[in-house]
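Have a look at the structure below before the remarks.
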Amino acid sequence: MRAPLVLGAAALILGLATAPAQAQAVAAPDIPVSNVKAHLTQLQSIATANGGNRAHGRPGYLASVTYVKNLLDAAGYTTRQQSFTYNGATGYNLIADWPGGDTADTLMIGGHLDSVTAGPGINDNGSGSAANLEVALAVARTSFQPDRHLRFAWWGAEELGLRGSTAYVNSLTTTQRREITGYLNFDMVGSPNPGYFLYDGDNSDGTGAGPGPAGSAQIEATLAAYFGTIGVPTRGTDFDGRSDYGPFIANGIPAGGIFTGAEGRKTAAQVQLWGGTTGAFDPCYHASCDTTANINDTALDRNSDAIAYAVWNLADGGAPPTGTTVWEDTFETATGWTPGTSDTATAGRFERADPAATTSQLGTAAGGSFDLVTGASAGSSAGANDVDGGTTTILSPSITLPSGTLTLSFSWYLSHLSNASSADYVRIRVVSGSTTTTVFTQSAAASDRAASWATGSANLSSFAGQTIRLSVEAADASTASLVEAAVDNVKITKA
């Protein structure tokens, strides 16, 4: 399929008035689905020759990395294998940089290459891996030289909890993370009973984790524009933390991507929208039957072309505007945050720390090693060192804000058991003189909520020209409830 350049019309349809003009962008090439399927055949053969899978720590995974790396090396990419250890086994990420472009404005394209141990993982995620590979090879074939630097990645051990992509993001310095100005994730793009879901960068669905970091809406709109050219409707899917965009959005990096569905079941309304049946999107999800027979060729073809369309248009038009950083704290060094003087909590008070992992507390910061966390020590039980008996507060150093449009962004989580209530919360407030204003609140509920990093933002323009402090607060205001909270990667930007 050909992907004509129609961003101007698409931007009007989608109300994307702030998107940068891309009239001079080179049209994306058609990605032959036969080439993508040839890569899937090779991944199937690798799995068949290595115990039926391509899982972390198994020979089939390393053979998959070698297959992809050899093709990229021959095409002119600069590649490296990044190793990491998980569950006593060595895993690998494959990183491939296309020479040229502004490395301070890097667009990354990624997906996981590993399968589960139960099967060869041809849809999950051979499909995204093969499509990304063929798009990368198309970049080389066409000698594409965009404004932005292009970096492709194939992640290890996603099936064990985003281990490879998290290891990569955590290995970067603050400057290196800031240079990645967009991340595209493609995980399961050929489901046999497909839907056409785009990560909900603008939170237009109003459900789940909320919008992605600033710039995610433009990524979603660009992908939607492609599907508009071929008359295929799309729907949003939440940034729910199930794939490798997770560590990127937790660090404030704009993200987006395509998903054709996993074990969930297609509704009757979705059948009317896209065809297929009311069965599972992928009945072979995480099963031995996830073979080359478990691919919808039409979905694979459409999505491969959509990936190319997004890469060509986003890479040749510059990064989504994210503004100038006014103030930032990743908590890797102490910068003068102080505990509140009116705290009433008797345990689990906020502190800057490298947290221990517990059943209700993440042992991994959103970026680096340190965050602001309630009671960093593990303790002897799930309820040890959680917030007990009231509120806990920690205050930033003074921040002098300039004039202009100001945005606060941050990573956060709130975890609790079903003995919590809406009286429990994590929130961020702005203290300016004698006035305190709440700019973000996440309340608890009488249900179990596991710790999972999410991103948040707030408009601080009304505080322009003032000297402020940020107050991060958590409360256990219910009877005998278990509450843990954390905040990381706090940043204020000026548009």
Side-chain angles (χ1 to χ4, degrees), residues 173-175 177-178 210 213-214 249-252 322-345 348-355 361-362 365-376 387 390-414 425-443 453-476 483-495:
T173 66
T174 298
T175 298
R177 285 196 296 269
R178 193 176 294 151
I249 65 173
N251 280 276
T322 56
T324 301
T325 299
V326 172
W327 182 87
E328 181 177 19
D329 201 338
T330 61
F331 306 109
E332 296 309 292
T333 59
T335 58
W337 288 72
T338 57
T341 57
S342 301
D343 285 4
T344 56
R349 298 178 67 181
F350 263 119
E351 58 184 318
R352 172 192 165 268
D354 181 357
Q361 175 174 283
L362 291 177
S369 300
F370 289 78
D371 55 21
L372 296 180
V373 62
T374 53
V387 183
T391 61
T392 174
T393 304
I394 193 164
L395 291 164
S396 75
S398 295
I399 305 165
T400 300
L401 299 177
S403 60
T405 301
L406 303 171
T407 301
L408 169 70
S409 61
F410 50 91
S411 299
W412 65 276
Y413 72 75
L414 174 68
Y425 60 79
V426 62
R427 70 185 181 191
I428 296 178
R429 308 176 84 187
V430 174
V431 181
S432 178
S434 60
T435 302
T436 300
T437 306
T438 300
V439 295
F440 170 83
T441 298
Q442 176 65 49
S443 297
W453 285 111
T455 57
S457 63
N459 190 323
L460 300 189
S461 301
S462 61
F463 302 98
Q466 301 177 30
T467 297
I468 67 166
R469 298 179 76 183
L470 298 175
S471 173
V472 177
E473 305 175 13
D476 169 23
V483 174
E484 300 268 17
V487 169
D488 201 358
N489 296 330
V490 180
K491 181 173 15 179
I492 300 174
T493 55
K494 175 183 176 180

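As the structure is a prediction and not an experimental result, all values here were calculated from the model. Because only heavy atoms are used, hydrogens play no part in the values below, and waters and symmetry mates are left out as well, while side chains stay in.
Not counting sequence neighbours, Ser462 has no partner by the side-chain contact (heavy atoms from CB on, under 4.5 Å) test. Looking at residues two or more places apart in sequence or on another chain, you find a side-chain contact (heavy atoms from CB on, under 4.5 Å) between Asn459 and Ser461. Trp327 pairs by the ring pair (Phe, Tyr, Trp, His ring centres under 6.0 Å) definition with nothing, not counting sequence neighbours. Here Thr175 pairs with Thr173, Glu179 under the side-chain contact (heavy atoms from CB on, under 4.5 Å) rule; sequence neighbours left out. Asp329 meets the side-chain hydrogen bond (donor to acceptor under 3.5 Å, both in side chains) test with Thr335, Trp337; sequence neighbours excluded. Considering only residues two or more places apart in sequence or on other chains, Ser369 meets the side-chain hydrogen bond (donor to acceptor under 3.5 Å, both in side chains) condition with none of them. Partners of Arg427 by salt bridge (Lys or Arg N to Asp or Glu O under 4.0 Å), not counting sequence neighbours, listed by chain and number: Glu473. For Arg349, the salt bridge (Lys or Arg N to Asp or Glu O under 4.0 Å) partners at least two apart in sequence or on another chain are Asp343. For Asn251, the side-chain hydrogen bond (donor to acceptor under 3.5 Å, both in side chains) partners are Arg177, Asn489, not counting sequence neighbours. Here Tyr413 pairs with Trp453 under the ring pair (Phe, Tyr, Trp, His ring centres under 6.0 Å) rule; sequence neighbours left out.
Note that CD of Glu328 is 10.0 Å distant from OG1 of Thr493, once rounded to the nearest 0.5 Å. To the nearest 0.5 angstrom, Arg178 atom CZ is 9.0 Å from Thr330 atom OG1.
Annotation: cation-pi pair Arg352/Phe370 present, NZ/CZ under 6.0 Å from the ring centroid and within 45° of its normal.
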Let me check something: any side-chain donor-acceptor pairs from residues 402-410 under 3.5 Å, sequence neighbours excluded? List them with distances.
none

Identify each donor-acceptor pair in which a side-chain atom of residues 432-442 lies under 3.5 Å from a protein atom, sequence neighbours left out, and give them as a table.
residue	atom	partner	partner atom	Å
Ser432	OG	Gln466	OE1	2.4
Thr438	OG1	Arg429	NE	3.1

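Counting heavy atoms from C-beta outward, Leu470 and Val430 have side chains that approach closer than 4.5 Å.
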